Amino acid sequence: MNIAVLGAQWGDEGKGKIVDLLAPSFSIVARYQGGHNAGHTVYTRGRKFILRLIPSGILHPGISCVVGNGVVVDPQALFAEVDELARLGVAVDGRLAVSDKAHLILPYHRELDVLSEARRGERKIGTTSRGIGPAYEDKIGRRGVRVGDLANRSDDGPLANAIRENVESRNRLIGGSGVDWRSVFDQVCGAWDRLKPWVADVSLYLDRARRAGRSVLFEGAQGTLLDIDHGTYPYVTSSNATIGGVCTGLGIGPRAIDGVLGVAKAYTTRVGEGPLPTELADEMGKRLRDGGQEYGAVTGRPRRCGWYDAVAVRYAARLNGLDAIALTKLDVLDGLERVSICTAYRSAEQTLTEFPADLAQLAACEPAYESVPGWSRPTRGARQFGDLPREAQRYIERLEEVSGVPIAIISTGSDRDETIIRPESVLARWLPLAIENGRGKS
Ligand code: GDP
Ligand code: IMO
Ligand code: MG
């Protein structure tokens with residue numbers, strides 16, 4: 001079985017924890033899009049790891065990790081992450097493959113990201129300032145530089161020409177004293193020696209691995225509502241975080257994906273600008289932020305918080321063909337007297353039950369809430385559905401009804417062990433070993 005694990009909301013759903021939890025049932029974990037704008041947190045052995053570019057399977061010895069062509073790679077960020085893992089006792093060499101077709105984030109992409117945000121002023125996206133958007137712009141504009149291009153570093157080769165042309169166009173755009181293309185060229189070439197051992201034809205690698213019976217977990221970054229095509233455009237990231245990204249971002253066919261697991265928080269968060277229909281600008285919003293420690297793993301920015309938005313999750317279910325949901329951070333709702341669920345959006349004229357493309361239409365709507373009883377007995381650390389307070393069980397069952405997707409995993413804390421895997425769920429078919437072992441521990 002090869003399954004995809006991806007975000008069903010606006011990112012930071014807890015994908016890192018779920019991927020780390022399920023990884024021992026797979027032999028490869030592969031990232032297909034995004035870059036080091038992602039921050040996937042994993043707690044294990046009492047330590048905290050934040051994975052940015054390297055797949056969240058890396059903490060399990062013996063699992064291979066793949067960075068696909070759909071990912072944009074900042075070599076310095078990759079090296080820093082590998083070094084950080086080494087300091088924490090995790091060896092990466094021999095277990096990492098980076099696609100030769102992955103596009104590079106070059107030093108001036110970061111600068112362009114910051115400038116473009118400044119130019120947008122009040123309409124800024126609130127990006128992570130990692131150069132993600134400008135790197136994808138160069139890719140789509142057919143002037144990008146790919147990892148494999150570094151193999152030919154001659155002074156008058158295609159790499160030198162591409163960098164010279166890109167830097168000159170950047171200089172025309174920005175003015176001022178300008179960047180020296182040669183220093184960029186030298187810096188980029190300097191990354192090759194360290195990158196080279198990891199560089200691979202990822203499509204071929206995955207095909208051979210699958211033929212040899214090895215299973216793959218596809219790890220999404222960001223989330224469905226941040227997808228460049230289907231998210232709250234233009235307040236989105238620049239890649240396809242949804243399921244189609246798996247095929248294009250790794251060079252595999254759709255039949256290689258046997259199941260799709262969406263990760264959703266028991267409430268909703270968003271970092272950066274753009275619509276968040278259920279946002280709570282009151283004490284409850286603060287309560288969720290404090291209780292859930294909702295501060296960005298990458299930028300440290302406070303995340304905006306609100307109630308669970310079933311319209312958004314239903315949309316994610318449709319776009320990705322979700323088979324099941326992993327519901328995270330249930331424990332953050334512990335102690336609330338009542339909990340609300342948004343089931344539709346309502347304006348003076350109409351009720352919307354499907355997520356609209358038009359942001360003005362969305363802005364004119366208010367969420368329609370259903371209020372359900374909360375629970376006082378903590379769910380934190382629960383490992384069996386039956387151990388949850390009855391009200392928490394009812395909340396989950398109601399989320400399944402309004403989202404239209406069964407909830408297969410319930411996360412009740414940030415640690416691997418603080419998890420309920422429902423034995424009657426689709427996971428029993430996908431990952432019998434994970435079920436037998438209790439919760440997929442290595
Ligand atoms: P990702 O980007 O989707 O991997 O999510 P992040 O790592 O950015 O943010 C999720 C945060 O929630 C991390 O700090 C996790 O450690 C934490 N987390 C994940 N699952 C749970 C849970 O069930 N309960 C609590 N309290 N925290 C969780
Ligand atoms: P993970 O994988 C949450 C948001 C940014 C901004 C928008 C565009 O950890 O869930 P970008 O730098 O990508 O051009 O920023 O997307 N964003 C994320 N929000 N989680 C993420 O990743 C994100 N990656 C980007 O805050 O609103
Ligand atoms: Mg994150």
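Heavy-atom basis, side chains included; hydrogens, waters and symmetry copies ignored. We count ligands from 1, going down the list as the structure has it; atoms in each ligand are counted the same way. Given the structure is predicted, the values throughout are model-derived calculations rather than measurements.
Taking the side chain as every heavy atom from C-beta outward, Arg31 and Ile54 never approach each other to under 4.5 Å. Looking only at side-chain heavy atoms (C-beta outward), Val202 and Val67 stay at 4.5 Å or farther from each other.
For the pair Tyr235 and Lys124, the tightest heavy-atom approach, listed with the atom from each and the gap, is CE2-O, 3.4 Å. Pairing each heavy atom of Pro373 with each of Glu391, the nearest pair is O-CB, 3.9 Å. Between Ser403 and Tyr308 the shortest heavy-atom distance is OG-OH, 2.8 Å. When all heavy atoms of Ala392 and Leu330 are compared, the closest pair comes out as CB-CD2, 4.5 Å.
Annotation for ligand 1: atoms under 4.0 Å from non-hydrogen atoms of Gly16 are 4 (O). Atoms of ligand 2 lying under 4.0 Å from any heavy atom of Thr127, numbered from 1 in the order shown and given with element: 6 (C), 11 (P), 12 (O), 14 (O), 15 (O). Less than 4.0 angstrom separates some heavy atom of Trp10 from each of these atoms of ligand 2: 3 (C), 19 (N). Atoms of ligand 1 lying under 4.0 Å from at least one heavy atom of Lys17, given by number and element, are 20 (N). Within ligand 1, counting atoms from 1 as listed, the ones closer than 4.0 Å to a heavy atom of Tyr43 are 16 (O). Atoms of ligand 2 lying under 4.0 Å from at least one heavy atom of Ala38, given by number and element, are 1 (P), 2 (O), 9 (O), 22 (O). Of all atoms in ligand 2, numbered sequentially from 1 with element shown, those under 4.0 Å from a heavy atom of Val236 are 7 (C), 8 (C). Atoms of ligand 1 lying under 4.0 Å from at least one heavy atom of His40, given by number and element, are 1 (P), 2 (O), 4 (O), 7 (O). Counting the atoms of ligand 2 from 1 in the order shown, those under 4.0 Å from a heavy atom of Lys15 are 1 (P), 2 (O), 10 (O). Set against the non-hydrogen atoms of Ile125, the atoms of ligand 2 under 4.0 Å away are 8 (C), 27 (O). Set against the non-hydrogen atoms of Gly272, the atoms of ligand 2 under 4.0 Å away are 27 (O). Close approach to Arg301 involves these atoms of ligand 2, each under 4.0 Å from a residue heavy atom: 5 (C), 26 (O).
Closest protein heavy atom to atom 17 (N) of ligand 2: Leu226 CD1, 3.9 Å. The nearest protein atom to atom 13 (O) of ligand 2, hydrogens excluded, is given as Thr237 OG1, 2.6 Å; this is a heavy-atom distance. Ranking the protein heavy atoms by distance from atom 2 (O) of ligand 1 puts Gly39 O, 2.9 Å first. Atom 9 (O) of ligand 1 has its closest protein heavy atom at Arg303 NH2, 3.5 Å. Scanning all protein heavy atoms for the shortest distance to atom 20 (N) of ligand 1 gives Ser411 OG, 3.5 Å. Annotation: atom 10 (C) of ligand 1 to nearest protein heavy atom, Asp12 O, 3.7 Å. Protein heavy atom closest to atom 11 (C) of ligand 1, with residue, atom name and distance, is Lys329 NZ, 3.6 Å. Closest protein heavy atom to atom 3 (C) of ligand 2: Asp12 OD2, 3.3 Å. The closest protein non-hydrogen atom to atom 15 (C) of ligand 1 is Thr41 CB, 4.0 Å. Here the heavy atom of the protein found nearest to atom 24 (N) of ligand 1 is Asp331 OD1, 2.8 Å.
For His40, the heavy-atom gap to ligand 2 drops under 4.0 angstrom. Using a 4.0 Å cutoff on heavy atoms, Gly39 counts as a contact of ligand 2. Residue contact check for ligand 2: Gly126 places a non-hydrogen atom closer than 4.0 Å to it.
Separation of atoms NZ (Lys329) and OG (Ser414) is listed at 8.0 Å; rounding is to 0.5 Å. Note that CG of Asp20 and CD of Glu219 are 9.5 Å apart. Values are rounded to the nearest 0.5 Å. Between the CG atom of Leu88 and the NZ atom of Lys48 there is a distance of 12.5 Å, given to the nearest 0.5 Å. Distance CD1/Ile105 to CG/Asp74: 5.5 Å, rounded to 0.5 Å. The CE atom of Met284 sits 5.0 Å away from the CG atom of Leu336 when rounded to the nearest 0.5 Å. Here CZ of Phe218 is found 10.0 Å from OH of Tyr32. Values are rounded to the nearest 0.5 Å.
Under 4.0 angstrom from ligand 2, there are no non-hydrogen atoms of Tyr235. Residue-level proximity to ligand 2 for Val271 is carried by backbone and side chain together, each with a heavy atom below 4.0 angstrom. When non-hydrogen atoms are compared, ligand 1 lies under 4.0 Å from neither the backbone nor the side chain of Lys265. Under 4.0 angstrom from ligand 1, there are no non-hydrogen atoms of Val42. Contacts of Asp113 with ligand 2, taken as heavy-atom pairs under 4.0 Å, are absent altogether.
Judged by distance alone, with hydrogens and angles left aside, the side-chain atoms of Glu279 form no donor-acceptor pair with the main-chain N or O of Pro277 at under 3.5 Å. Between the side chain of Thr242 and the backbone N or O of Gly244, no donor-acceptor pair lies under 3.5 Å.
Ligand 2 has no N or O atom lying under 3.5 Å from any N or O atom of Ile132, backbone or side chain. The shortest N or O to N or O distance between Gly14 and ligand 1 is below 3.5 Å. At a 3.5 angstrom cut-off on N or O pairs, Ala221 does not count as close to ligand 2. Some N or O of Thr128 is nearer than 3.5 Å to an N or O of ligand 2, by distance alone. At least one N or O atom of Gly413, backbone or side chain, sits closer than 3.5 Å to an N or O atom of ligand 1.
Put simply, the angle at the Mg ion (ligand 3) from O in Gly39 to OD1 in Asp12 is close to 160°, to the nearest 10°.
Around CD of Glu366, the count of heavy atoms belonging to other residues, nucleotides or ligands within 6.0 Å does not exceed 12.
Figure legend: Arg422 and Phe385 shown as a cation-pi pair, the cationic atom lying under 6.0 angstrom from the six-membered ring centre and within 45 degrees of its axis.
Each of Thr268, Thr269, Asp12 was evaluated against Arg303; a single residue qualifies, Asp12, per the side chain to side chain donor-acceptor pair (under 3.5 Å) test. In summary, of the residues considered (Asp387, Asp331, Asp415, Asp334), a salt bridge (Lys or Arg N to Asp or Glu O under 4.0 Å) with Arg380 occurs for Asp331 alone.
Between Arg383 and Glu418 there is no salt bridge, since no side-chain N of the basic residue sits under 4.0 Å from a carboxylate O of the acidic one.
The aromatic rings of Tyr315 and Phe355 lie parallel to each other, their planes meeting at an angle below 30°, with 60° marking the opposite boundary.
Checking Gln222, Glu117, Arg270 against atom 24 (N) of ligand 2, the nearest heavy atom belongs to Gln222.
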